[in-house]
Amino acid sequence: MEKLKQYHSQIIRLGLSGDNDAMGRVIKFCAISTNGDLGYALKVFGSLPQPDTFIYNTIFRGYLQLQLPKECISLYVQMLHASVTPNKFTFPSVVKACTFDNVVELGQQVHAQIFKFGYQSDGFSQNSLIHMYVSFKSLEKARRVFDMMPQRDDVSWTILISGYSQSGFIDDARKLFDLMPEKNPASWNAMIAACVQSNRFHEAFLLFDQMRQTSQFKLDKFVAASMLSACTGLGALKQGEWIHDNIKKSGIEVDHKLATTIIDMYCKCGSIEKAFATFNQFPTKGISSWNCMIGGFAMHGKGEEAIELFKRMENESKVSPDYITFVNLISACAHSGLVQEGRHYFQHMVKVHNISPGMEHYGCMVDLLGRAGLLNEAMKLINEMPMDPDVSVMGAFVGACKIHGNIELGEKIGEKVIELDPHNSGRYVLLANIYATASKWEDVAKIRKLMNDRGVKKSRGFSLIETDGAVTEFIAGGRSHPDSEEIYAKVKEMLACIRSIGYVPEAESVVHDISEEEEMEKALFYHSEKLAIAFGLLKTKAGETLRITKNLRVCKDCHEASKLISKFFDREIIVRDRSRFHHFKHGVCSCNDYW
DNA sequence: ATAGGGTTAG
């Protein structure tokens, strides 16, 4: 900047202070370069008698870089008033400003102007319009621009594909993708990411395999990141490791984002050790990597390790803890029953880091106190919150009421939670289970009827297990697997074995229409988790760890059974449920039955 | 001189 100012005064001495070519260079440097100074650029701009289109365009870009779309738009208006004619470099910026500022009507006016000035066949302008309509959720308009383009390039296709996917129209995205004549890495990634975001992990893997068969295939960091997320979603550790290896081999530069994705994959695929090793390997860590690692320890019930890492972050890291850091840290305390520490960090966050507690922090604190049986303190905290508690905070409280058998409070708050979140089956199941614990069967039936009347379906549980690098999915009572006879026989054998060391079936969830005891047991025995474990025992060598991923929480019976299976068959079983990990080994679980 | 793709929580 200093050098530039010298250069600038030289130009002025040469009498070129009104020369657009010379001043354009000065403005470009100030407005665009990372160590520039837009304020200075604006001063120079103001001193020019007749700035040209290039100079306007440059300032637009400067404003956009600093995320000042409103200023960009008003300068554009000023430009038109000054009768400076826009060119094809003008519109991409202005359209982007409309996109960021979410000004639909103005965006359409700019669209009309693009037409008027004759840029209906300019790819850059048209692509920016597609992008704008996508972000306005006007998919039909985006599609119309796309269809009207004389020449579509891969950017046009890619924007529209990810546009469909972001609005939830995955099938439309897929149709478009299949129509695309020449796919490039960005468009492959748009489609793979679309699958990952809509939990279609298997489809993501199929696409990836197809992509690898194309001649110019080369793994880039975006595809790598999307595929890592697919592995994370399925709990597919082997595949995740494979991608990680390929990242190393391909010499892809691992930035903060990619590092975080890798760490998250290891955490959520059950290998906290590899996650931590990877974390420690990266010399420069972003805040997201720290947060992710602390969150990983939280998920695995390693509260002390999370606290250690947090202290390290405070001492040695150049990044300071943020809002999410404390969500993860307090949740780590909650999952490990570290009540005192949780209280401490809740205070510490405000006193030392000047972060005021938000909804999520209250949610974690209510969870922490409630699980520990301190229902009164949890309630007190809810009442003291500066904002109204949302469903998640109250849901955490109801969960605590269930664990500690507090029917009165659980009923009162549980009903409120249902009304606040009427489409979430989990809310109904929770209250029904509270009634069931108190043997209030009529109330259980009442809840079941309410769910039926409202058409709320209990989400179907499934379990995934990875064997030999392939992921198999099981649903409760499912028989679609070719070896299902063998698997069911194995379940029988498995349960007989653990009965001999004290297993007693215990139903918890009672929202099924199951009356007969025998029926109940059958349903319990064929929970997806037990099928997956049986399959794992069949398909893996003795002593090999079983890794299972579930979409719901582990039920009490499966939890008990898993402990005993780990003992009887001398296997480590690692189960990821929707909120945490359970490491079953030698008959005990890492969660200490505290989940 | 300009555009499109990946990450972190409960």
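All chains are named by letter (A, B, ...) in the order of the sequence lines, taking the proteins before the strands, and each is independently numbered beginning at 1.
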S.K.: Give Asn184(A) one of three labels, base, sugar-phosphate or nothing, depending on what nucleic acid heavy atoms sit under 4.0 Å from its own.
M.R.: base
S.K.: Which part of the nucleic acid, if any, lies within reach of Ile159(A) when heavy atoms closer than 4.0 Å are counted: base, sugar-phosphate only, or nothing?
M.R.: sugar-phosphate
S.K.: When the side chains of residues 242-252 of chain A are checked against the rest of the protein, which donor-acceptor pairs come out under 3.5 Å, sequence neighbours left out?
M.R.:
residue: His244(A); atom: ND1; partner: Tyr266(A); partner atom: OH; Å: 2.8
residue: Ser250(A); atom: OG; partner: Asn246(A); partner atom: O; Å: 2.4

S.K.: Is Lys550(A) salt-bridged to Asp577(A), going by a charged N under 4.0 Å from an acidic O?
M.R.: no
S.K.: What contact category does His256(A) fall into here, base, sugar-phosphate, or nothing, at under 4.0 angstrom with non-hydrogen atoms?
M.R.: nothing
S.K.: Contact boundaries of DNA chain B with chain A (under 4.0 Å, heavy atoms), 5' to 3'?
M.R.: dA1(B) to dG10(B)
S.K.: With sugar-phosphate meaning primed atoms plus P, OP1 and OP2, does Ser93(A) contact a base, only sugar-phosphate, or nothing at under 4.0 Å between heavy atoms?
M.R.: nothing
S.K.: How would you label the contact of Lys88(A) with the nucleic acid (heavy atoms, under 4.0 Å): base, sugar-phosphate, or nothing?
M.R.: base
S.K.: Any salt bridge (Lys or Arg N to Asp or Glu O under 4.0 Å) pairs touching residues 184-200 of chain A, not counting sequence neighbours?
M.R.: Asp171(A)-Arg200(A), Arg200(A)-Glu203(A)
S.K.: Using a heavy-atom cut-off of under 4.0 Å over every strand shown, decide if Asp264(A) touches base, sugar-phosphate, or nothing.
M.R.: sugar-phosphate
S.K.: Please collect all salt bridge (Lys or Arg N to Asp or Glu O under 4.0 Å) contacts where either partner lies in residues 258-283 of chain A, sequence neighbours excluded, each pair once.
M.R.: Glu241(A)-Lys274(A), Asp264(A)-Lys268(A)
S.K.: Base, sugar-phosphate, or nothing for Lys268(A), non-hydrogen atoms under 4.0 angstrom?
M.R.: sugar-phosphate
S.K.: Tell me what Thr261(A) touches on the nucleic acid: a base, only sugar-phosphate, or nothing, going by heavy atoms under 4.0 Å.
M.R.: sugar-phosphate
S.K.: Using a heavy-atom cut-off of 4.0 Å across all strands, would you classify Phe54(A) as base, sugar-phosphate, or nothing?
M.R.: base
S.K.: Going by ring pair (Phe, Tyr, Trp, His ring centres under 6.0 Å), name the pairs with one or both residues in residues 317-336 of chain A, residues two or more places apart or in two chains.
M.R.: Phe310(A)-Phe326(A), Tyr323(A)-His361(A), Phe326(A)-His353(A)
S.K.: Tell me which donor-acceptor pairs under 3.5 Å the side chains of residues 115-123 of chain A have, and how far apart each pair is, sequence neighbours excluded?
M.R.:
residue: Tyr119(A); atom: OH; partner: Lys88(A); partner atom: N; Å: 3.4
residue: Asp122(A); atom: OD2; partner: Ser125(A); partner atom: N; Å: 2.9
residue: Asp122(A); atom: OD2; partner: Ser125(A); partner atom: OG; Å: 2.7

